[in-house]
Amino acid sequence: MSELASRASELDAADELAGLRERFVLDDVVYLDGNSLGALPAHVPGRVEDVVRRQWGELRIRSWDESGWWTAPERIGDRIAPLVGAAAGQIVVGDSTSVNVFKALVAAVRMAGEGRDEILVDATTFPTDGYIAESAARMTGCTLRPVAPAEVGPALSGRTAAVLLNHVDYRTGRLYDLPALTAAVHAAGAIAVWDLCHSAGALPVGLDEHGVDLAVGCTYKYLNGGPGSPAYLYVRRDLQDRFDSPLPGWNSHAEPFGMRPGYEPASGAVRGRVGTPDILSMLALEAALDVWDGVSVEAVRAKSLALTDFFLECVAAYTPAGRVESVTPAAHAERGSQVALRCDDAGDVMKRLIERGVVGDFRHPDVLRFGFTPLYVGFADVERAARVLGETVAG
Ligand SMILES: Cc1ncc(COP(=O)(O)O)c(C=O)c1O
């Protein structure tokens, strides 16, 4: 056994989270794509079957009350809340991240004071956020300014209404300084909107502690909610009364069954709802969140950093010099839970890795992306992935 392989066994033996792997359906593939689609928690199929056969099949319409369907968006929001450092009553689950970015950004501009007519958006953002920010700007009469996150400080002014940022960059895995950037946005009198897709479930976020105004995120990555599972929207409690949704559906009406022609918003997190919740996906997500019972986000973060450190070390040892280059920061304070490696023939290399049982993904034009979900990835997986990568790029 190589020195790195024996280190991996020692690290796995000392890993207090190692037992959590049994909560998931996994095989002998090294699954490093949980930053795209989390693995299936083992108990979810049984729970979904109950939702379909009993709640829907037998109780039918009664389930809106008796099975708690109607209140699911806020109830599940409260389950996500501790994972992102939020007190209860501020998160509603529903719709996609894209739709929630739209709600949050337009609502942020509507909250901003008179004379604020600029939206700043992370210039390197996941495309959907940029497209929606452009449309939100047009609708609200604002100018959109794409800026690199490092340039946000100098770009802020008395004209800034809202700033849309990513906690972790989807391509490079770079973690941004949410507390400092939020403070800078506030110092300029603007509203901070954060996209947490690549941080929630992988590292502490501290929404309440850092005074974030609005945040959105998906649940199918590190929260393992399943393909297309609904996203969530956080509206800080003291801003909820001012949250003026651009999608004021009947589900966020103060009296949804009053069926009145005029809209009157509900109070609280409910205000972020639009229409009928996607119950099957939502309850699959609720079940999936059970894997977090007894697990602290801090422990997950510590293991995530150990995994990515070890991966970088193994890649350096196994890969011919100059063949791949990490674009993920080495500093822990700037690293999310993924490692992105630039590689000339990345698309081809990823295909060959997948054939050999190492699943990451490829991002155009030349990035190999490996996501590390501490709940089910171990150190032997990391060593094997780096070894197979080394053999693949050498061959
Ligand atoms: C950072 C980020 N924002 C937004 C989205 C879009 O999410 P959705 O397609 O669920 O709307 C994604 C999807 O992967 C993402 O990674």
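Counting convention: from 1, in listed order, for ligands and their atoms alike.
In this pair, Trp70 and Trp250 present their aromatic rings tilted. The plane angle is within the 30 to 60° band. Using the six-membered ring where Trp is involved, Trp194 and His167 have ring planes that are perpendicular, over 60° apart on the 30 and 60° scheme.
When the options Leu341, Val339, Leu32, Asn35 are evaluated for a side-chain contact (heavy atoms from CB on, under 4.5 Å) with Arg369, the one that passes is Asn35.
Annotation: ligand 1 has protein neighbours Ser96, Thr97, Ser98, Phe126, Thr128, Asp129, Asn166, Asp195, Cys197, His198, Tyr220, Lys221, each with a heavy atom less than 4.0 angstrom from the ligand.
A donor-acceptor pair shorter than 3.5 Å cannot be found between the side chains of Tyr234 and Asn100. Looking only at atom types and distance, the side chain of Tyr170 has no donor-acceptor partner in the side chain of Gln338 under 3.5 Å away.
Applying the salt bridge (charged side-chain N to carboxylate O under 4.0 Å, His left out) test to Glu209 and every residue at least two apart in sequence or in another chain returns nothing.
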